[in-house]
**Q** 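Here it is, the structure in full.
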Amino acid sequence: MCEKKWYKLIFEQLQPIHIGTRRYGVISETRIFIPGWTMWGALTKFYNLYYNKGNFSENEKLFENISCFYPSFEKNGDKPLLPRWEQGEFFLGDYREEFFRAMFVDTFVSTAIVPLNRGAKDESLHEIDIVLPKSKEAFHEGRKGNLYWVGFLRISEQTKEKLSRNKQFKLTIGGDSRYGLGEMMLVDIKEESIENDLDFLFANFLSVSNGPVESTIEHIIEIQRIENKNFSVQSKGLYYHPGYKMKKEKEEIKKYVDKISKGCIEKL
């Protein structure tokens, strides 16, 4: 079996993205970071499409050692806006969640159409929050400079070479891709261990079984493929939201690296 190594991946956002989290009436809210399970699904789909003749039921474990992904203003992936909690408020880097949303999140409104009269179908209006590829101010001023998304992935060197050589490496992330949402392009993949960036380690969901930390708790569900090619929805468990701190020795914290699976640190 080929040895697996950690790599840092950097994607450029080309289209608005919607990462569903909560729904309020007709409004579907988006996350402002990309969970590991979302990136895992997109990478698995891409790999099977290009290297497995479109058989999407295989290679489900190939990319499972993956972190959550966070935005950066730098093409080289430096200074990603990692999560943290301060007096009960959620931040990405130095930006309060509300401020980041004000800069980068907009709303896409759509409705179903009645074919006979081309009118809007009753009770079909819905709004989707989307993360824009660049700030609203940059759009209005016509400035360049898209968001980049940074995360870590543990794969074999053989798999890494396949990904880095593919000139068509564009992923479709999140929901509602039928509206032209979700496209991202790989711009760099370089060997770098998440062990050397403990702040990024804490930027993943943490199983509550690993002990208490200061954060909110989220109940995560998981969609699993079963033998007859149908899907089942199961509870994955309770997890602390990224951005917490751990009061443990550095060497003890490093043990959590091997427990990263689809953006979640599982029980030691």
**Q** Just jot down the side chain to side chain donor-acceptor pair (under 3.5 Å) partners of Ser261, sequence neighbours excluded, or say none.
**A** none
**Q** List in chain and number order the residues that pass side chain to side chain donor-acceptor pair (under 3.5 Å) with Glu137, two or more places apart in sequence or in another chain; answer none if no residue qualifies.
**A** none
**Q** Please identify which of these residues, Leu201, Leu198, Leu206, meets the side chain to side chain contact (heavy atoms under 4.5 Å, CB included) condition with Met246.
**A** Leu206
**Q** Which residues pass the side chain to side chain donor-acceptor pair (under 3.5 Å) test with Tyr95, not counting sequence neighbours?
**A**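 Side chain to side chain donor-acceptor pair (under 3.5 Å) check on Tyr95 returns nothing, list empty.
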**Q** Taking salt bridge (charged side-chain N to carboxylate O under 4.0 Å, His left out) as the test, write out the residues that go with Glu98, two or more places apart.
**A** none
**Q** Using the salt bridge (charged side-chain N to carboxylate O under 4.0 Å, His left out) criterion, which residues pair with Lys8? Sequence neighbours excluded.
**A** Glu192
**Q** Using the salt bridge (charged side-chain N to carboxylate O under 4.0 Å, His left out) criterion, which residues pair with Lys136? Sequence neighbours excluded.
**A** none
**Q** Of all residues at least two apart in sequence or in a different chain, which pass the ring pair (Phe, Tyr, Trp, His ring centres under 6.0 Å) check with Phe69?
**A** none
**Q** Taking only residues two or more places apart in sequence or in another chain, which ones pass side chain to side chain donor-acceptor pair (under 3.5 Å) with Thr216?
**A** none
**Q** Measure the shortest side-chain to side-chain distance between Leu171 and Trp149 over non-hydrogen atoms and say whether it is less than 4.5 angstrom.
**A** no
**Q** Which residues satisfy the salt bridge (charged side-chain N to carboxylate O under 4.0 Å, His left out) test with Glu218, sequence neighbours excluded?
**A** Arg31
**Q** Going by ring pair (Phe, Tyr, Trp, His ring centres under 6.0 Å), name the residues that satisfy it together with Phe169, two or more places apart in sequence or in a different chain.
**A**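 Once residues adjacent in sequence are excluded, the partners of Phe169 under the ring pair (Phe, Tyr, Trp, His ring centres under 6.0 Å) criterion are Phe11, Phe46.
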**Q** State which residues pass ring pair (Phe, Tyr, Trp, His ring centres under 6.0 Å) with Tyr239; sequence neighbours excluded, sorted by chain then number.
**A**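 If we apply the ring pair (Phe, Tyr, Trp, His ring centres under 6.0 Å) test to Tyr239, skipping adjacent residues, there are no hits.
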**Q** Please report the shortest heavy-atom distance between Cys68 and Phe200, naming the atom on each side.
**A**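 Minimum heavy-atom separation between Cys68 and Phe200: O-CE2, 3.4 Å.
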**Q** So, using ring pair (Phe, Tyr, Trp, His ring centres under 6.0 Å) as the criterion, who are the partners of Phe100 when residues are at least two apart?
**A** Phe104
